[in-house]
Amino acid sequence: MTSLATSLVRGAVTSPFRRAGKPDATLPTERLTLPAAPAAPGPLAAYRAICGFPEAGDRGGGEARGGAGPGGAGPGALPLTYPHVLAFPLAMRLMTGRGFPLPVVGLVHTWFEACGHRAVRADERIQLTVYAEELSAHRRGTEVTMVTEARVDGELVWESRSGYLSRHATKAAAAGRREETDTEALPALHEWRLPGDLGRRYGAVSGDRNPIHLHPLTARLFGFPRAIAHGMWTVARCLAETEAEAESDGPGRQLRTVRADFKAPILLPATVVYAADPGGNAFVLRSGSGRVHLTGAVTREA
């Protein structure tokens with residue numbers, strides 16, 4: 001059994017004994033680290049393919065895009081979201097450990113942000129560290145912020161933060177962490193048809209085999225009528241499209257940061273609409289009826 005599978009089993013066993021919302025709850029202070037290692041070529045290629053990033057060496061993605069920028073997904077560089085995937089088993093180990101106060105079963109990924117301080121080549125030996133940063137009140141429960149850092153020879157080259165919500169009754173509605181962004185005016189650019197097995201396919205690539213993503217029968221155990229798409233797949237797919245749109249107008253500045261907020265689950269199979277502003281700095285993923293599933297924004301290197 002893989003380390004991630006072990007964590008999922010441990011989370012299922014321990015979650016019933018953890019109660020979110022305790023006023024004296026604290027987070028573990030430990031930091032978990034994976035030894036430095038390069039990204040394995042096979043899994044990375046599979047990740048590029050399912051998320052829509054160009055293959056390494058694919059000049060259709062442009063050598064300029066992949067070779068230098070922090071978010072470049074072309075030759076030699078990791079997609080901006082990929083270190084999060086590499087570190088996810090580590091995060092799950094921490095969140096299912098003894099000192100973690102929230103039940104991992106039922107946690108909802110609410111937002112994600114990442115910053116590439118420089119290009120990270122696929123052949124570089126990356127050391128990954130994960131820790132829990134803070135607990136905060138949310139209008140629907142308690143939210144934990146998890147941090148992931150990537151270092152090469154001691155240099156911080158990439159970092160991310162993710163918000164995970166444990167839903168429970170609250171006495172008063174807490175203010176949201178961030179203001180909503182206006183996405184209604186963004187023009188639709190593409191329509192994507194997502195197959196019913198997308199969750200299983202992405203789960204096989206990323207290792208995230210949460211039952212809510214795999215099959216309607218397992219998703220129903222957690223209150224969803226059908227399997228839902230992985231939030232991190234939607235972010236990566238939008239970033240791949242953002243980069244492709246920028247490249248179509250000529251070599252552009254590389255992605256440095258991304259911020260994404262998950263608004264509503266995507267029930268599979270589904271048809272969704274990708275919309276973005278003309279500069280490619282803000283994007284949204286919504287249903288044909290206009291329901292917003294994801295909003296996001298990027299910045300690029302100067």
Side-chain angles (χ1 to χ4, degrees), residues 51-53 61 65-66 68-74 77-85 108-120 133-134 136 138 143 145-150 157-165 175-192 229-266 272-287 290-302:
C51 296
F53 292 109
R65 168 152 49 127
L78 297 179
L80 190 56
T81 46
Y82 196 61
H84 174 89
V85 174
V108 178
H109 199 176
T110 51
W111 57 271
F112 169 79
E113 59 188 24
C115 176
H117 297 293
R118 69 160 175 81
V120 182
E133 185 175 59
E134 68 171 331
S136 57
H138 187 282
E143 188 175 77
T145 299
M146 301 294 295
V147 179
T148 301
E149 297 174 344
V157 295
W158 179 96
E159 60 185 312
S160 75
R161 282 169 171 77
S162 287
Y164 296 94
L165 173 65
R177 290 179 57 94
R178 298 168 175 83
E179 294 181 358
E180 297 292 326
T181 56
D182 180 14
T183 59
E184 296 303 318
L186 294 181
L189 299 179
H190 300 286
E191 184 178 88
W192 298 334
H230 291 75
M232 287 305 299
W233 178 87
T234 64
V235 176
R237 184 66 188 90
C238 288
L239 284 186
E241 196 61 46
T242 296
E243 290 190 337
E245 292 292 336
E247 285 294 330
S248 68
D249 295 329
R253 295 175 300 158
Q254 309 307 315
L255 295 182
R256 181 169 296 279
T257 69
V258 61
R259 162 76 193 201
D261 290 273
F262 306 108
K263 302 297 186 181
I266 299 175
V272 295
V273 175
Y274 168 81
D277 67 356
N281 298 316
F283 57 86
V284 61
L285 202 61
R286 57 193 178 219
S287 68
R291 187 184 190 191
V292 174
H293 296 290
L294 170 77
T295 62
V298 300
T299 63
R300 303 174 190 274
E301 65 180 0

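Put simply, the side chain of Thr145 never gets that close to the backbone of Glu133: no donor and acceptor are under 3.5 Å apart. The closest donor-acceptor contact from the side chain of Trp111 to the backbone of Arg259 lies at 3.5 Å or more, if one exists at all.
For the atom pair CD1 of Ile266 and CH2 of Trp192, the computed distance is 9.0 Å after rounding to the nearest 0.5 Å. Of the inter-residue distances, the one linking Glu134 atom CD with Glu143 atom CD reads 8.5 Å to the nearest 0.5 angstrom. Note that the OG1 atom of Thr295 and the CZ atom of Phe283 stand 8.0 Å from one another [nearest 0.5 Å]. In this structure, CE in Met232 is found 14.5 Å from CZ in Arg237, a value given to the nearest 0.5 Å. Expressed to the nearest 0.5 Å, how far SG of Cys238 lies from NE2 of His293 amounts to 11.0 Å.
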**Request:** Go through Glu159 and His117 one step at a time and tell me if the side-chain contact (heavy atoms from CB on, under 4.5 Å) criterion holds.
**Result:** CA-CA 8 Å; Glu159 60 185 312; His117 297 293; 2.7 Å; yes
**Asked** Going through the distances and angles, do Phe262 and Val108 end up as a side-chain contact (heavy atoms from CB on, under 4.5 Å)?
**Response** CA-CA 9 Å; Phe262 306 108; Val108 178; over 6 Å; no
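Here the side chains of Leu294 and Val272 are not in contact, with every heavy-atom distance at 4.5 Å or above. A 4.5 Å side-chain heavy-atom check between Met146 and Thr148 finds every atom pair outside the cut-off. Side-chain atoms of Pro83 and Val120, non-hydrogen and from C-beta on, never get closer than 4.5 Å to each other.
The shortest heavy-atom contact between His84 and Ser162 is CE1-OG, 3.7 Å. In terms of heavy atoms, Arg286 sits closest to Pro187 at NH2-C, 4.5 Å.
Remark: the Thr242 side chain and the Tyr274 side chain contain an N/O donor-acceptor pair separated by less than 3.5 Å.
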